[in-house]
Amino acid sequence: MLEKTYEPKKIEEEIYASWEEKGAFKPDMRKDKDAFAIVIPPPNVTGVLHMGHALDDTLQDILIRYNRMQGKNVLWQPGTDHAGIATQMVVERNLASQGITRHDLGREKFIETVWQWKEKSGGTICKQLRRLGASCDWSRARFTMDDGLSRAVRKIFVKMYKDGLIYKAKKLVNWDSKFMTAVSDLEVIQKETVGKMYYYKYPIKGEEGEFIHIATTRPETMFGDTAVAVSKDNEKLKHLIGKECIIPIINKAIPIIADEHADPTKGTGAVKITPAHDFNDFEVGKRHNLPLINILNPDATLNENTPFAGMDTQTARKKTIETLDSLGLMDKIEDHPMVIPYGDRSGVVIEPLMTDQWFVDAPKLAVEAVKAVENGDMEFVPKSYEKTYFEWMRNIQPWCISRQLWWGHQMPIWYGPDETIFCEEDEETAQSAADKHYGKHVELRRESDVLDTWFSSGLWAFSTLGWPDKSEYLDTFYPTSVLVTGFDIIFFWVARMMMMSMYAMKRVPFRKCYIHGLVRDEQGRKMSKSKGNTVDPMEIIEKYGADALRFFMAAMETQGRDINISESRIQGYRNFATKLWNSARFGEMNGCFLSKVFNPNSVKHPVNKWIIAKVRQTANELTQNLNNFRFSDSANGVYQFVWGTFCDWYIEMIKPIFYGSDDALKNETKATFAFILERILLILHPFMPFVTAQLWNNTHDDNSDIITAAWPKIEDVNNTDIKRIDWVIDFVTAIRSLKSEMNIPAGAKLSALLLGANDESLTNINDFREILCSLARLEKIEEYNHTPTPDMVQTVSREMTILIPLKGVVDFKAEKERLQKELDGLIKNLEGYAKKLSNPAFVDKAPAAVVTEERRRQAEALENKAKVELALKRVSNL
RNA sequence: GGGAGUUUAGCUCAGCUGGAAGAGCAUCUCGUUUACACCGAGAGGGUCGGGAGUUCGAACCUCUCAACUCCCACCA
């Protein structure tokens, strides 16, 4: 017996465990089936589940479960990411609380500590994904630093190096002074701030009292200046070109050069050029062969090339200004809105710094990655994201992949005594290559840098399937079917996967890429720990069940939009699960068991025919919607059917059958009910796996599992069956509405007279009139005039007029107002129809069906108008 | 500066190819022996951001104005 209320907590974990135990999430690897695969966007190994994961992984699980039920050979490949900087940061923070730095431990010991941390906290997010119901094949879980995946990384790296696609270069890079590592452009976020613009002057060499005026936001970098640039078109300043000016404080002469970078309309028209600390200046420096002077230490303090060595930039800035002021060289200081780069993880100001780094030739790799989207091998859903992708890919810069961190894939690079580079997959190979090169045994030094964490995630689609080894999984599931992820990592991940996969596999990593938005708080603000507005998915699951959270995510997911979390709505979907649960209880209490001999095409009763047609219609639409990634339409369609059609109408309509005495009909209805409920469980399962599984088990004693039960095929829908009962619903609604508006007690047993009813309609209504709208008696009449009493109310449903005698029950003043309102509405509609239909252009040009429909509506409204007018006249005479 | 998006009921949002404006929540009225109060029945509430255009017909297409959001680049 089912409990009265569905308690998700009691069953979810148990059901999940039983699935995992029997290996229900593993692909069956049958060759005769279509393959369907998704690789999970690997969460940080030490992370915890947030709402973004809940959305992302719910959508994936819906697709996975749906396709599994479609009878495909399905793999959802799970795993986690080592998340270089993020994880190192967490571990360093833990160490700091004990007063230890990573340098105290040394590299080896530190890495060991990170692995320990990973072992300790690494399982959390996978456990949480299980609570969500994610049907990943956990037996295949991978980690980006696994042996196999590490081998993939080294193999690709070496191949790319040897193909000239990875190179070392001394370049200006984004330098994070907290982690003391280079970071890629993507890891830098620009923040609007109101800073200061400092105006001061450099004396012109050899010309007493002559100055060139400079504007800068970073005066402390003046010690790295190697020129001042002026536009050759700058009438006021061009006479200075070719002269030299003196950097004050250090009294160093630098040239004044002509360069188009100096815009006469900006600042003072003269720009100080600091090639080693500014990306634009770097380019200017290259054009003019200017020396590069690095003035910063790796921790962003000034170095010995400045008079303020050891100071941080802020202090040095203050000191510089004070000194310039004391020399009488300051002009002014103004507030200046500007954009300052910060590290996305560290939160410190990013400094452009000259360092030796390793780069991937992204512009070259992008070519094939762009082509694959252009020719449709990979499609974005929604399609508009391909524009974003193209835009970025076509303007892509070399990708800085070296990180001066310890946690990550150490680069497979070895240096010989004379710094000759040996790039091989392992030390042994590198050693023998080196020995051969030098003609003797030499000591090699391994590159200490590790790779950007996205390098290994870029290989995820094939490395997890076994590459570089031969693998049945790789053959079967690559390219994967679809990637589901947020728009925020299109560049970080999707783009890199495309480039890496096109390079390594010559094929796309996935056929489609479904992009969803962010999960925001109730007011639409971004969730963040600092704002304190985060909602923990695990708490929601505890409170309302995983099914409710999942259904919420699906129902809210419309393409291209963010989702605002709404607890009341999640609660509503919990209620939905309970509603379904109780409908099953109703079936159970009335002995509705699945019948093996039941044939939905041979049921006789109109209501049973109707619900069968309706469930087919619902399933058909759902299949379409899921095929098109229309998640909200999918979820809402099922919701509407289960609650609005099955519970609100079908169950109410079959009650009189169950309470009646026609056993044949009873049996047919019981079997139909069981059939419909089973259909509901099937089509709802991808969204609400737990409650549907529980109810499935409750109604099946054959050891079958809903997870592999067959998804309903597309079937023809009998529209006549649908219309017949929809008609009854309209009738019932009209009566109910009338009674409610007239303040007639719901229990009042009324009788009604029907004008214009055909026999079939009458029969259909008679079956339900009592239970659905408390009509005790129905009488068919042919002529309006036959009605003997004038004190009755009237309503219209389709072609019928319904008259209900209400002597002494009804306030006829109210009735008159009601009728007048109805009449006004009809007149307004009629004006619209007349206007349209009298327009020859409409009649000529609109499709025939539209015109016919419009005529039908007009005729109907005209009839109704006559009826209402009559009623009104009658009431007025009272 | 370049690109994308949003503006529809009190709130949060659907509305796929142009063919009588929808949902959930909230509000109001009525209802509890008989699956479910995590319930049922009914109701109110919208010149679909403003303006112009295309069309027989526009929430939907075009132009324009306004407000907001995001991404990329850059600002001495």
Colleague: Grab the two heavy atoms, one from A:Glu588 and one from A:Leu2, that are nearest each other, plus how far apart they are.
Modeller: OE1-N, 3.0 Å
Colleague: Please write out each protein N/O paired with an N/O of nucleotides 56-60 of chain B under 3.5 Å, distance rounded to 0.1 Å.
Modeller:
{"unit_1": "B:C56", "atom_1": "OP1", "unit_2": "A:Lys845", "atom_2": "NZ", "d": "2.0"}
{"unit_1": "B:C56", "atom_1": "O2'", "unit_2": "A:Asn839", "atom_2": "ND2", "d": "2.9"}

Colleague: Say you pick atom C1' in B:G45 and the same atom in B:G2; how far apart are they, in whole Å?
Modeller: 43 Å
Colleague: Over all strands shown, is A:Gln571 touching base, sugar-phosphate only, or nothing at heavy-atom distances under 4.0 angstrom?
Modeller: nothing
Colleague: So does A:Trp643 get a side-chain nitrogen or oxygen closer than 4.0 Å to the phosphate oxygens (OP1/OP2) of B:G40?
Modeller: yes
Colleague: Rounding to the closest angstrom, what is the interatomic distance between B:G18 and B:A58 at atom P?
Modeller: 13 Å
Colleague: Does a donor on one side chain sit under 3.5 Å from an acceptor on the other, for A:Gln624 and A:Asp633?
Modeller: no
Colleague: Does a donor on one side chain and an acceptor on the other come within less than 3.5 Å for A:Asp185 and A:Asn174?
Modeller: yes
Colleague: Nucleotides 41-47 of chain B: which of its N/O atoms have a protein N/O under 3.5 Å away?
Modeller:
{"unit_1": "B:A41", "atom_1": "O3'", "unit_2": "A:Arg736", "atom_2": "NH1", "d": "3.4"}
{"unit_1": "B:G42", "atom_1": "O2'", "unit_2": "A:Ser740", "atom_2": "OG", "d": "2.9"}
{"unit_1": "B:A43", "atom_1": "OP1", "unit_2": "A:Ser737", "atom_2": "OG", "d": "3.3"}

Colleague: Can you check the A:Arg574 CZ to B:A37 C1' distance for me, whole Å?
Modeller: 12 Å
Colleague: Which whole-number value in Å describes the distance from A:Asn829 CG to B:A21 P?
Modeller: 10 Å
Colleague: Restricting both atoms to N or O, compile the protein contacts to nucleotides 5-7 of chain B shorter than 3.5 Å, with distance only.
Modeller:
{"unit_1": "B:U6", "atom_1": "O3'", "unit_2": "A:Arg561", "atom_2": "NH1", "d": "3.2"}
{"unit_1": "B:U7", "atom_1": "OP1", "unit_2": "A:Arg561", "atom_2": "NH1", "d": "3.4"}

Colleague: Compare side-chain N and O positions of A:Asn575 against OP1 and OP2 of B:C39 and report whether any pair is under 4.0 Å apart.
Modeller: yes
Colleague: Relative to each other, are the rings of A:Phe646 and A:Phe641 parallel, tilted or perpendicular (30° and 60° limits)?
Modeller: parallel
Colleague: Compare every heavy atom of A:Thr226 with every heavy atom of A:Pro255, then report the nearest pair and how far apart it is.
Modeller: CD-O, 3.4 Å
Colleague: Quick one: which protein N/O atoms are closer than 3.5 Å to N/O atoms of nucleotides 10-12 of chain B? Pair and distance per line, please.
Modeller:
{"unit_1": "B:U12", "atom_1": "O3'", "unit_2": "A:Asn564", "atom_2": "ND2", "d": "2.8"}

Colleague: Between A:Met589 and A:Phe576, which has a closest nucleotide on RNA chain B that is more 5'?
Modeller: A:Met589
Colleague: Nearest whole angstrom, please: distance from the C1' of B:G31 to the CD of A:Glu652.
Modeller: 13 Å
Colleague: Reading RNA chain B 5' to 3', how would its secondary structure be written in dot-bracket notation, given Watson-Crick and G-U pairs with both distances under 3.5 Å, brackets [ ] for crossing pairs and | for partners on other strands?
Modeller: (((((((..((((.....[..)))).(((((.......))))).....(((((..]....))))))))))))....
Colleague: Quick one: the side chain of A:Ser568 and the base of B:C25, do they pair up donor-acceptor inside 3.5 Å?
Modeller: no
Colleague: Fit a plane to each ring of A:Tyr639 and A:Phe551, take the angle between them on a 0 to 90° scale, and name the class: parallel (under 30°), tilted (30 to 60°) or perpendicular (over 60°).
Modeller: tilted
Colleague: Suppose we screen for side-chain hydrogen bond (donor to acceptor under 3.5 Å, both in side chains). Which residues come up paired with A:Thr221, at least two apart in sequence or across chains?
Modeller: A:Lys272
Colleague: Roughly how many Å is it from CD in A:Glu386 to C1' in B:G3, rounded to a whole number?
Modeller: 14 Å
Colleague: Could you tell me whether the phosphate oxygens of B:C36, OP1 or OP2, come under 4.0 Å of any side-chain nitrogen or oxygen in A:Lys579?
Modeller: no
Colleague: Quick one: closest heavy-atom pair of A:Pro275 and A:Gly224, and the distance?
Modeller: CD-O, 4.0 Å
Colleague: What is the distance, to the nearest angstrom, from the CH2 atom on A:Trp392 to the P atom on B:C70?
Modeller: 21 Å
Colleague: Quick check on RNA chain B: between A:Ala262 and A:Arg520, whose nearest nucleotide comes earlier from the 5' end?
Modeller: A:Arg520
Colleague: Give A:Arg218 one of three labels, base, sugar-phosphate or nothing, depending on what nucleic acid heavy atoms sit under 4.0 Å from its own.
Modeller: nothing
Colleague: Quick one: which of B:U34, B:C38, B:C36 gets closest to the side chain of A:Lys4?
Modeller: B:C36
Colleague: Output the rounded distance in Å from CD1 (A:Ile565) to C1' (B:C13).
Modeller: 14 Å
Colleague: With a non-hydrogen cut-off below 4.0 angstrom, is A:Tyr385 in contact with a base, only sugar-phosphate, or nothing?
Modeller: nothing
Colleague: Over how many whole Å does the gap from A:Asp488 atom CG to B:U69 atom C1' extend?
Modeller: 15 Å
Colleague: Looking for any heavy atom pair under 4.0 Å, which part of the strands does A:Thr216 touch: base, sugar-phosphate only, or nothing?
Modeller: sugar-phosphate
